[in-house]
Amino acid sequence: MISDFSDVAEDSIYDIYGGANFILDENHIVITANAGFFDITGFGYEIIENDFNFLSLIPDDEVLLFINFFKKRLYDLYNSPKTSEFRVMDREKKEHRIILTAARVPETRRVFFSSLEPRRKLSQFIPPETCDGGIQIPDDNPSSVGNAERQVDQYFHFSYLVEHQPETVFVLIGDVIAYINEAGVHFFGKDNRYDIIGKSPAEFVEDDSKEKILKILQKMKTDTIRHPLEDNITINDGDVTDIEISLVPVIYEGIAGFQYSIRDITSSKKAQEQAALRLNQIGIVNSVLRSASSSFSLPEILENILKITIENFEFQSGWIYLKNTDSSTARLASFSNVPIWFRERYNLVNTREWPYNIIFYAGQPRYIENLVDQPPGIFDIKVMEDLGAISYAGIPIFSENAVVGVLYVAKGDNSRFTTFEKTTLEEIGKETGSIVVKGIVEERFEKEYNEIKDFLGIALKENERIWNTIISQRWTRKDSDTDDLVGRMELIREISPRMDIINNLRVIYEILLAGNPSLKPICLDSVIRSAGYHFADAEIEYDRALYFVFADDNLSYVFINILNIFCANQENVHLKIRHMNEKENITIIIDDLNDSKVIDSIEKVMKIPDGDTLRPANIPLYVTKMLIAAYNGDIDVRNMDNDQVEKRSLVIRLKRFGGG
């Protein structure tokens, strides 16, 4: 392409080829021209200074055609030279038929024209005979194409712009190529033009494209199809190329032929396809976000994410895991088209174990595709069997670069996930994270608010009962001769259980307000023994355990609450408290020697979800579980004596200070 017209450039471009070359501005005014232009038109150089309009040289019946041709060149995004034939009048109103090749001068509002005046009219053309891949030249035109020496300078009859434009241009005379530009040489994968000239275009494409290219060229000659025409061919290098072909009749070396322009539109078509896919992807992601954002609760948010995702991709099923507060586990929070046995089996997963750690901790999506060369492992086969699926994928749900959950989808009709599916799913995982976290926070706030409201209600009721008891005792004691000490003890026994409830509520309040407590070494022996003093009527067998565990001053409530549960549910309490010293833990085992089934009732209460409405009777065990979890310990009911299968014990495990 020409970007600067210096004096040297004007000499070489305008005059060396002998054609009429000129430049028009956007108003069709002649800006500059060469000697060939003035020879054809008969005007002098002075017209350049008088704003000469080139349209005055075009016959009236072709003015609109020329304006349209000019406008297309001016606004061509690719700025590719095009050739057409027009009639031009000289100063004496004599018409000349000239072939114009035009292209916009880069970075300007001007168009450069290179023109030729054919030496023979199209109506006089007799198609040449072809044989052996060569061209037979009529006897009356010895100067036409026919020998190697003449072929060397054939292309000089085409303008500088055609020769150097980035699109493939070749001239077909008969069925063989008589001229091809430099871009065409590279397009057909050859080193020079003389490997191409004199041969059919079909020789430079793969076998499956030979017949196609010949039909396209022939139909374009006979105007049976519209052009420019889009199609694809396979060049000899094996690459499938999308092309746009256009055609104009030309006179080349005195012989009528057809000039073909081939534009490689592979990249632009791919860009268009990518743009369309991106728009589709944005539409899917936005539909998921709109649906999730309009939801009022976390279950509804997750349900809508699954619903929209499955509908857009026609997946078989989907499910979502959310991290629990301890971060080491995740719960099945939402699902769609998932069997019951799958939900029961995979309801709770360990995020630190394979393969969940790959997604939760590494933040990497995981695609399991049942392929011949990549068979899934045993774990994934089991998951797919439980789902009745062929493949499935896990997509991390991000919030501030942290994984808060995982979106799973399963396919039942295709083993592979397409690139579009993968990129869209991963974007859904990134974009929905903040909405999911918002739902989690709102749900947690609502849960804690309801718990505090329940706790406050319980505390007010118990406080009212305490005062009613005191007032009742004072009223009864007014005229009674009962010993004051006995009366005080009776009052304490009545008030004590209610005071324990209020104290437990205080512990809950402290944990909710301050979060995890600051742990320090606490003597286990002193805590258990002091707790036992509260229950003088209970028979407790206990061996001294001079060990320290990590806890805080509220550790005493763990054992006070447990002993309170036993005393509240049976008259004659007989317990045995023993311990086991492990490497990092101290295990406290509480056996009910009366076999009163209190331990079984404790186990039932422990299975009640924390979010359920609390009752005063459940608060001691609720606080016990909360404190032990804060101490990084655990509590459960199990058989600690293998020789007594039916014997069940309450087992508490705490972190030992100085363990290991």
Side-chain angles (χ1 to χ4, degrees), residues 78 80-85 122 125-138 144-146 148 151 154-155 158 162-163 165-253 255-273:
Y78 298 95
S80 54
K82 297 295 181 183
T83 302
S84 189
E85 185 175 349
L122 275 169
F125 170 62
I126 301 176
E129 301 293 333
T130 60
C131 60
D132 299 329
I135 301 177
Q136 180 82 24
I137 305 302
S144 299
V145 181
Q151 287 179 353
Q154 284 175 0
Y155 68 91
F158 276 74
V162 172
E163 178 59 30
Q165 71 165 298
E167 294 176 4
T168 296
V169 176
F170 63 87
V171 174
L172 214 60
I173 297 200
D175 295 324
V176 298
I177 297 172
Y179 163 83
I180 189 167
N181 68 349
E182 192 67 26
V185 174
H186 294 296
F187 179 78
F188 286 124
K190 296 299 180 180
D191 294 329
N192 62 75
R193 72 188 71 232
Y194 305 113
D195 293 331
I196 299 174
I197 291 175
K199 298 178 181 178
S200 168
E203 296 187 32
F204 307 102
V205 298
E206 294 284 358
D207 292 340
D208 60 347
S209 296
K210 289 183 184 298
E211 185 176 353
K212 178 192 288 188
I213 190 68
L214 291 176
K215 284 184 177 180
I216 290 174
L217 299 180
Q218 183 59 36
K219 286 180 179 180
M220 293 185 75
K221 285 182 183 179
T222 57
D223 289 332
T224 56
I225 57 175
R226 297 181 64 185
H227 57 82
L229 172 71
E230 289 188 14
D231 211 316
N232 60 73
I233 58 173
T234 307
I235 308 299
N236 281 334
D237 59 6
D239 291 337
V240 177
T241 305
D242 292 302
I243 58 173
E244 179 188 272
I245 307 179
S246 57
L247 167 148
V248 290
V250 296
I251 300 296
Y252 182 78
E253 289 294 305
I255 302 176
F258 296 92
Q259 175 183 303
Y260 292 89
S261 297
I262 297 181
R263 175 184 295 169
D264 185 344
I265 59 172
T266 307
S267 298
S268 61
K269 286 197 71 173
K270 285 183 178 179
Q272 291 173 359
E273 291 170 359

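Just so you know, these numbers use all the heavy atoms, side chains as well, and skip hydrogens, waters and symmetry mates. Residue numbers count from 1 along this sequence.
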What is the minimum heavy-atom distance between [X] and [Y], and which atoms define it?
X: Val185; Y: Ile196; value: CA-CD1, 3.8 Å
X: Asp242; Y: Asp264; value: O-OD1, 3.4 Å
X: Thr83; Y: Val248; value: O-CG1, 2.8 Å
X: Phe258; Y: Pro249; value: CD2-CA, 4.1 Å
X: Ala183; Y: Pro166; value: CB-O, 3.4 Å
X: Glu203; Y: Lys210; value: CA-NZ, 3.9 Å

Note to self: Between Tyr179 and Gln259, is the side-chain contact (heavy atoms from CB on, under 4.5 Å) condition met? List the steps.
What the structure shows: CA-CA 9 Å; Tyr179 163 83; Gln259 175 183 303; over 6 Å; no
Check: Do Glu167 and Ser261 have side-chain atoms, one donor and one acceptor, less than 3.5 Å apart?
Finding: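 Checked: Glu167/Ser261 side chains show no N/O donor-acceptor pair below 3.5 Å.
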Next item on the list: Just do the side-chain contact (heavy atoms from CB on, under 4.5 Å) check on Ile180 and Phe188 with the steps written out, would you?
Entry: CA-CA 10 Å; Ile180 189 167; Phe188 286 124; 3.6 Å; yes
Notebook entry, point to check: From Ile245 CD1 over to Leu217 CG, what is the distance, rounded to the nearest 0.5 angstrom?
Noted result: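 That separation rounds to 6.0 Å.
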Item checked: Distance in Å, Asp195 CG paired with Ile197 CD1, rounded so as to fall on 0.5 Å steps ->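 Here the rounded value is 10.0 Å.
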How about [X] and [Y]: do any of their side-chain heavy atoms sit closer than 4.5 Å?
X: Leu172; Y: Ser200; answer: no
X: Ile177; Y: Val171; answer: no
X: Tyr260; Y: Val169; answer: no

Checklist line | Derivation and outcome, side-chain contact (heavy atoms from CB on, under 4.5 Å), residues Phe170 and Ile262 | finding: CA-CA 9 Å; Phe170 63 87; Ile262 297 181; 3.5 Å; yes
Next item on the list: Taking side-chain contact (heavy atoms from CB on, under 4.5 Å) as the test, write out the residues that go with Glu182, two or more places apart.
Entry: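 If we apply the side-chain contact (heavy atoms from CB on, under 4.5 Å) test to Glu182, skipping adjacent residues, the hits are Glu163, His186, Arg193.
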